Number of protein chains: 2
Amino acid sequence: MAIKERKEREKQEMRNLIIESATAMFLKQGYDKTSIRNIADDIEYSPATIYLYFKDKDEIFYVIHENAFDILDKLLRQHEAIADPLERLDAIGRTYIKFGLENPDYYDLMFIMRAPMEQIKNEEKWKAGECAFGYLLTTLSDCLAQDKIRQNDLHVTAIQVWSFVHGLVSLYVRERMCILMLEDDATREVLYSSFTLFMQNLKT
Amino acid sequence: MAIKERKEREKQEMRNLIIESATAMFLKQGYDKTSIRNIADDIEYSPATIYLYFKDKDEIFYVIHENAFDILDKLLRQHEAIADPLERLDAIGRTYIKFGLENPDYYDLMFIMRAPMEQIKNEEKWKAGECAFGYLLTTLSDCLAQDKIRQNDLHVTAIQVWSFVHGLVSLYVRERMCILMLEDDATREVLYSSFTLFMQNLKT
DNA sequence: GAATATAATAAACACTGTTTAGTAAATGCA
DNA sequence: TGCATTTACTAAACAGTGTTTATTATATTC
């Protein structure tokens, strides 16, 4: 019964086709302008066909959200070789911010939008998020073990670090950094300076 | 020509009626479920009438956004009497977080959603935001003058503080704090503990 | 009282996500 | 090979959305 396998393969190919089209559209025009009908038009199928492969629009964007986490994870784990955990933490932080500034739509989907989280409610666990957060936890754990940062509860420290960098990026991508009344380049410089200051305050 | 004045008054009353209905609906059911048709139904006018008083849906939510800032401003300025600027900063921070946790929909509109910012692009200035941020700047300025916090650029420090508390609240309201796998009450405690730690790290 | 200006609306436009009922093609079995 | 069944797909509809236009009813001015 090789037919069943081929069918399974074809099903997966169709899912990939939809995801590819949706991702391209999403990165080009944003979430709101990426409609099921637009995707259907692009892949030359009827809108109803998409619902044979995905439960709803949220499920499509949950897959894109997972792919985005794969990209971020790879970027962050590039720094795994850095021996000094504090240096590693610094590199992770800067890469996280850089990712957010350069991929505002991905960042939105991963950490701001409600859409992919609706999906997670049904799946019990936010796997992608846990993976990245776990990496932060181990790095901070190393910092604490080597007394590189001020001693405190690991989770409280992790939330402090993540909240800060997320705050920087999310205020920027949702255009609240306009209060600084600076050009885009200058605003980004303030963000990185602020991160530098934060790291200094974190040190023992 | 007292008629013109009455007409102007009636126009303002109608605007207030729409805003009141929209606000009640928004706080009860959120942004997405607050449609122009629902508001029209509620105030017993046709949907088209609303467009005689507001340019579009965004303009309605810009007004609600401004009202929300009035509420937050009043809450934050309650601490104006605290003499020690560091104590004042601490109180401001905790009140900001409390406001976000207790009014997630308002917080959304003020600091996360795109809708009200679309309006601001046409108005040149984010008045409400500048007012609150200005209050943070003066408080931090006092802290620096009295050498209560580590010396650094005022704006960079302000962005650091705001980004951190915004990160805490926005990750919470957009349900990303689920990575902690804690009950709601415990999660909130971690947020406040994290703020305490942040303030410690900020001190000289 | 007639002419004009204002206020309100019904209906339409162009969308959206999603479901249902029906068709055409591929597959399983005799 | 021929027929029944399953699978893949879609046209059309449903119930919404924000917004605009043409029309009617009311109020104001002259």
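Fair warning: this is a prediction, and the values are worked out from it, not measured in the lab. Chain A is the first sequence line, chain B the second, and so forth, proteins listed ahead of strands; every chain is numbered from 1.
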Exercise for the section: Report the distance from atom CZ of B:Phe61 to atom C1' of D:dT17, rounded to the nearest whole Å. Expected result: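 For the pair B:Phe61 CZ and D:dT17 C1', the rounded distance is 13 Å.
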Practice task
Could you tell me the separation between the CD1 atom of A:Ile39 and the P atom of C:dT16, rounded to a whole number of Å?
Solution key: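 Rounding to the nearest Å, CD1 of A:Ile39 and P of C:dT16 are 11 Å apart.
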Problem - A:Ala48 or A:Asn38, whichever maps to the more 5' nucleotide of DNA chain C - result: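 In this pair, the answer is A:Asn38.
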Practice task
For this output row, return yes or no: ring centroids of B:Tyr96 and B:Phe195 closer than 6.0 angstrom.
Solution key: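 No.
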Practice task
Tell me whether the centres of the aromatic rings in B:Phe26 and B:Phe61 are closer together than 6.0 Å.
Solution key: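 Yes: the rings meet the under 6.0 Å criterion.
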Problem - First encountered from the 5' end of DNA chain D, between A:Ser46 and B:Tyr51 - result: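 Nearest-nucleotide comparison on DNA chain D picks A:Ser46.
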Return the nearest nucleotide to the side chain of [X]; candidates are [options].
{"X": "A:Tyr45", "options": "D:dC9, C:dA7, C:dT9", "result": "D:dC9"}
{"X": "A:Arg37", "options": "C:dA12, C:dG17, D:dT20", "result": "C:dG17"}
{"X": "B:Leu52", "options": "C:dT18, C:dA8, D:dA8", "result": "C:dA8"}
{"X": "B:Lys57", "options": "C:dT9, D:dT19, C:dT19", "result": "D:dT19"}

Handout entry: Charged N-O contact under 4.0 Å between B:Glu80 and B:Arg88
Key =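 Not counted as a salt bridge, because no side-chain N and carboxylate O are separated by less than 4.0 Å.
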Practice task
Could you tell me whether the side chains of A:Thr196 and A:Arg94 share a donor-acceptor contact shorter than 3.5 Å?
Solution key: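 Result is yes, a qualifying pair exists.
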Handout entry: Sugar-phosphate, base or nothing in reach of A:Phe54, heavy atoms under 4.0 Å
Key =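 A:Phe54: no heavy atom of the nucleic acid under 4.0 Å.
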Practice task
Respond yes when some side-chain nitrogen or oxygen of B:Ser35 is under 4.0 Å from OP1 or OP2 of D:dT17, and no when none is.
Solution key: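 For D:dT17, OP1/OP2 do have a side-chain N/O of B:Ser35 under 4.0 Å.
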